[in-house]
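Okay, structure first, notes after.
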Number of protein chains: 6
Amino acid sequence: MTPTLLAEIVDRAIAEDLASGDVTTRLTVPEGRRSAADLVARTACVFAGGEVFRKVFERIDPGVVVRDLVADGTRLVAGQVAAQIEGSSRSVLAAERTALNFVQRLSGVATLTARFVAAIPQGSKTRIADTRKTTPGLRGLERAAVRAGGGANHRDDLGGGVLIKDNHIVAVGSVGDAVRRARAGAPHGLKVEVEVTSMAELDEALAAGADAVLLDNMDDDAVRAAARKIAGKALVEVSGGITIDRVPVLAAAGVDVVSVGALTHSAPAVDLALDFRS
Amino acid sequence: MTPTLLAEIVDRAIAEDLASGDVTTRLTVPEGRRSAADLVARTACVFAGGEVFRKVFERIDPGVVVRDLVADGTRLVAGQVAAQIEGSSRSVLAAERTALNFVQRLSGVATLTARFVAAIPQGSKTRIADTRKTTPGLRGLERAAVRAGGGANHRDDLGGGVLIKDNHIVAVGSVGDAVRRARAGAPHGLKVEVEVTSMAELDEALAAGADAVLLDNMDDDAVRAAARKIAGKALVEVSGGITIDRVPVLAAAGVDVVSVGALTHSAPAVDLALDFRS
Amino acid sequence: MTPTLLAEIVDRAIAEDLASGDVTTRLTVPEGRRSAADLVARTACVFAGGEVFRKVFERIDPGVVVRDLVADGTRLVAGQVAAQIEGSSRSVLAAERTALNFVQRLSGVATLTARFVAAIPQGSKTRIADTRKTTPGLRGLERAAVRAGGGANHRDDLGGGVLIKDNHIVAVGSVGDAVRRARAGAPHGLKVEVEVTSMAELDEALAAGADAVLLDNMDDDAVRAAARKIAGKALVEVSGGITIDRVPVLAAAGVDVVSVGALTHSAPAVDLALDFRS
Amino acid sequence: MTPTLLAEIVDRAIAEDLASGDVTTRLTVPEGRRSAADLVARTACVFAGGEVFRKVFERIDPGVVVRDLVADGTRLVAGQVAAQIEGSSRSVLAAERTALNFVQRLSGVATLTARFVAAIPQGSKTRIADTRKTTPGLRGLERAAVRAGGGANHRDDLGGGVLIKDNHIVAVGSVGDAVRRARAGAPHGLKVEVEVTSMAELDEALAAGADAVLLDNMDDDAVRAAARKIAGKALVEVSGGITIDRVPVLAAAGVDVVSVGALTHSAPAVDLALDFRS
Amino acid sequence: MTPTLLAEIVDRAIAEDLASGDVTTRLTVPEGRRSAADLVARTACVFAGGEVFRKVFERIDPGVVVRDLVADGTRLVAGQVAAQIEGSSRSVLAAERTALNFVQRLSGVATLTARFVAAIPQGSKTRIADTRKTTPGLRGLERAAVRAGGGANHRDDLGGGVLIKDNHIVAVGSVGDAVRRARAGAPHGLKVEVEVTSMAELDEALAAGADAVLLDNMDDDAVRAAARKIAGKALVEVSGGITIDRVPVLAAAGVDVVSVGALTHSAPAVDLALDFRS
Amino acid sequence: MTPTLLAEIVDRAIAEDLASGDVTTRLTVPEGRRSAADLVARTACVFAGGEVFRKVFERIDPGVVVRDLVADGTRLVAGQVAAQIEGSSRSVLAAERTALNFVQRLSGVATLTARFVAAIPQGSKTRIADTRKTTPGLRGLERAAVRAGGGANHRDDLGGGVLIKDNHIVAVGSVGDAVRRARAGAPHGLKVEVEVTSMAELDEALAAGADAVLLDNMDDDAVRAAARKIAGKALVEVSGGITIDRVPVLAAAGVDVVSVGALTHSAPAVDLALDFRS
């Protein structure tokens, strides 16, 4: 993410909290006062969002210093300090909540992703990937948090890949037709992927020359059967109803990509707090 | 929220997904084709986000019609249709994911809030309130989702209330000093609230004339003792480590406001989907 | 105000004047030329707007230096230098008018506020406050200018306070009803204030439990009578038709807040100019 | 002004007041309620800002209707209704203050301009013009308000005219040099104007071929002498220390343009209010 | 392109021309006057940009009607009318130049593309594609103009494809290394393409498993030799120094994609004008 | 152009290319790697756009250094290095295409302008000027490129000059009427120019007191005849169908300004490339 795009996201978040000023801080904390604070993980987690955390302070007051910030992807134990902040007390107090809101959410994404990734058997080619089910306005940051947790990214947006889904097929009429149209016109750098929900659709997809198939909401047996039929002729992605304990099963079945919406839409926040030392 | 602010939030979300076009739809779905689709709840939930859902379609194509949209706060059973969408297939497909991303998250907030609210005993004055731990960029929408779930809103931003927190007190020196400064200068329409973590701090807060106290991370016994001491001299808010089964206990102790960060930072998404009928 | 919000206000003002360049300066002043200039008060005033003044130069050319800038709230005598500017002649000339437009207006607000504040008797608790009758786009800056002049700020926006006004009462039906509804649902950190225009409405407001009353357009006798009836049961604000000589009378009557729209909507500009020394 | 630029100005003003919602109205006024209101002039004035007034309501709620809006430039007597507003009570209350803030200021500009214009003798060619001393963010609207009051507009921005001022001359070295440089490079559609403060500078300006001269801060005798010397060889503008009673004197002296900064920087607001009928 | 993104591009262009108003039109054309005008092609061309042309009028004045607008991709002969415009004379005059600036440029792109496409032999699989050498700010519109001319689009942006170019190879060290890294981590929907400038690099690319190769600045013989060696193992793209008469030669050599920067960076504008009938 | 406006143009261009990241570079180039590169002119040209070129790198990564950048207006021979770039390989690769897209287009404008300017005979007063036929979104940059090539700028926008064109005349009724209206109301710093297409219209323009006339689409004989008739009573501009070899003829005829739309709408891009040295 470019500095400008990052700054825009941060500025909007700041505006939500600070557009009409921080009346409490202005009234209680004298102007020249300076503080030092620690960013502390209250529970074990995989950290993510360091860059945006730093940017919040920088946009509110370039004089605030964020030091010893751990890298995204760092595993923290409960009580561990992830960064040290120093500067004008007023500025740090004004930035605190916004900075934490980013980092608690993104670390939540990274932590959940890491749990899924840990379930992949050693040596397996299977990847855990995110989806487009991201938080409106935060896609780029959440994509990076997934990578911090060891996951892979799916196409970034609707222009970054050809993926024919169930509703396309309803609108077009058949899997085969849809795949053939896509192959005829797709930009030459994009593979053509199609979502299938049955063996019949899978046959149609393979016959039409799909480069990849997305097995949607199939149980383990169905996935195994489909993977056997595909037999390397196309890349295999599985999605829908994925739990962590299914991951080794799917990996064993030869699935290339397991994509999990929950990584970004339902990861609980990690408890990260700012403790003032002075 | 004004139409303009809502449109900006929607446009940013659309841009994340559609800035480089929807290559799949352009290639597979003919331009004149029209579709009809249902917004379906896959699990029981309290619905929220109807206005922003409708706005996504409107911003992408004013010709798409969203009909029979249930009101925010409606309780849906699994399989229930929450809205019907009709229009250009290309437009509906382009809007689908963005519209769902909003509504699945906001309905998640409303649903979790409703579970907390249901735990308040009949006739109790206690309110469940949100906090400033909201998703960056979505605060206003999440505030409304909390209300849809029956919750109350805390101050909207740092300008909308005086709340002296732990880190202010570190920076200022003492609870009493902080409260006195705030009372001297606060805009005349705002009460002065202060966070306390011990009985000693509570004494100081009351002596300095705080209008409200926030009991932070206290267990049930401590809350009861504090509430007895306050005895109506100030409004009582409790926060930190709140679970649903503590709600009746806190209500019985006479707490006015139970504020819960998880309502907005850790509510799992509700599974809402778009099913094309044609 | 955060640096970002300040920069946006400044950039819009600059764009109004400079979007199509400064043709005069480009034609007449050679590129490498440097100038030194004084910001001079042509008449006595209370200075305000120093930060935005400095920002105009910084946004046009970070190489321009603004030195010895007096603090907001400084009383200047005619002829006094409020700042010294040094840098590229082209940049200083391009910034001059925009920078002055801010500071002459904001110093006007501070100067008029100071005249009202000076009329408060020693030892009185009465405050002079601004209103929401601010210049569109400049509210935050004008709020700060009022403080620089010794005034207090009213709620910053419609989300930062509950104030039931005449037109609400027409829409709702009665003062009592409106106050009761507001008390039932108001965020717990906000007081409930209501505007009244008669003794009957005042009775209704007090009976319904208003935390504060705004006496609108009442003459001195009416204010005195109302204040006697209120007798500390609610905070007393007075507004409408306020002149400087009424201030001591209102203070003596025990009014808490005198709010004056003219501070921001009708303050004449202060004559501040830039004098090039080279 | 294009609809887009106007909408941006309005949206920023609305955001200042409504970004965190209108808590009073939401709590007190039921959602379906409708109101009718009059825009009333409390004192005699020349009306301006009708378009932006209407736009505020439209941006908050396109369902609000503004009817019988008088044209800009209309002279209103005290008590006269300038427009009728009808729609959702909540929307009208949310828009009220922002809409009035625009119209009270712009009508103030038009009213003051009209007083200056009225002082021009019948049949005189002299014009009253505004300057670049406008309110940051509102230049286009104030320019239109000046026209509504019968005044003329000066160059709109630094790209729309060549006007060499005192500080340019300090930076360049001499009036003559500055005028010669400007004439050599000026876009062929622009005249070259130069500010002079003495007869010597005037001689230099005329010798160098200035198309127009701005007599800065000269008293009536000096203006008369200068005008005689110019004798039609250049256009004559006068600025600085202009009061209404000097206008006929300056007109008699043959001045073409009298430019008055106060029109936009010090016009007191006109008292325009919204009276709800229901 | 979504309506919002299109509107932003149009609004910026309008602002460049109209931010300080249209002084000529305001002075000369009475306010109520209405005009009818034809959009006329002065020379033969392939038309493109119809949607943005219409949008310019709509953003300036929704009351202006654009009728009988030909579809993008239509071949026009000299003198042919491409659209009819009717509405307020002032609005049409204000919009004229901006609307034409878009359409003359985009039709230029479509027309040049069509000339390249016409050179592809019947039945050939070869495509003419654009590049990322587009006009800053207009990429989406130019991509659509290329399609209107019968061309294909390359990846839309740096996130929409993996294309390893010469400078990547310098930074990484070797073609083989770069391809292997890309294959290991590329999102599963993207092919891996690499630019090669010699047979040795081509061997390396094929050995590393590139899905596509871009033959950069090779002459016809070199292209033929490379295509023979590739022999269907990878997709073949050719770029650099492409002229229209090389197209059939490259097609005969079995090239899949001929990408031409000039389509967007050097297409001369088409002469399209607005002729007022009244 | 102010730094802010320049940054906005650059940020939009960057967003077009980088909004979804640079997947190729992220995958292939290690994070710490640094590169040095030359900006090289592949063909002889007049360079323009240096400031915006530098800004692209700065906005993507302030750590990238651009050194030895030649001044706008410098004549480069084929193979000449115009700047040296050094910094993070990832940043330079991300910025490369966007930076080049600006500079190849702007240098194209400067180069074409210089060819026209070179055709003006020594000692002639004739100027080559641009028009409003600029690329939407890039007007300010293109105006500067024209100056870099030795050309003059026309009015910058519709507010920066009075130019009555053919379509105004259709809407108003006659050349004379239009000129008279314009003269009556034009801001005193603007000349009144009118486009004429015949000797009759020219007579009318001169009679009405036009300050300048634009001879539209007249051949050399007609221009000579018109110039003789004008005889210094108005400034003479010629436009429409201008080729380089007509320039000396028009200069000899006494034309003041030759305005050429092609300078900005049809200048072919100059081949400027970035060559990585490491």
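Every chain is numbered from 1 and lettered A, B, ... according to where its sequence line falls, protein lines coming before strand lines.
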Distance check, rounded to the nearest 0.5 Å: D:S20 atom OG versus B:L158 atom CG? 11.0 Å
More than 12 foreign heavy atoms under 6.0 Å from CZ of B:R115: is that the case here? no
D:E8 side, atom CD; B:T4 side, atom OG1 - distance, nearest 0.5 Å: 10.5 Å
To the nearest 0.5 Å, atom CG of D:D17 lies from atom OG1 of B:T2 at 11.0 Å
B:E51 atom CD: more than 12 heavy-atom contacts under 6.0 Å: no
Does CZ in D:R277 sit with more than 12 non-hydrogen atoms of other residues, nucleotides or ligands closer than 6.0 Å? yes
Given a strict heavy-atom distance threshold of 4.5 Å, which part of B:R155 is in contact with chain D: side chain, backbone, both, or neither? neither
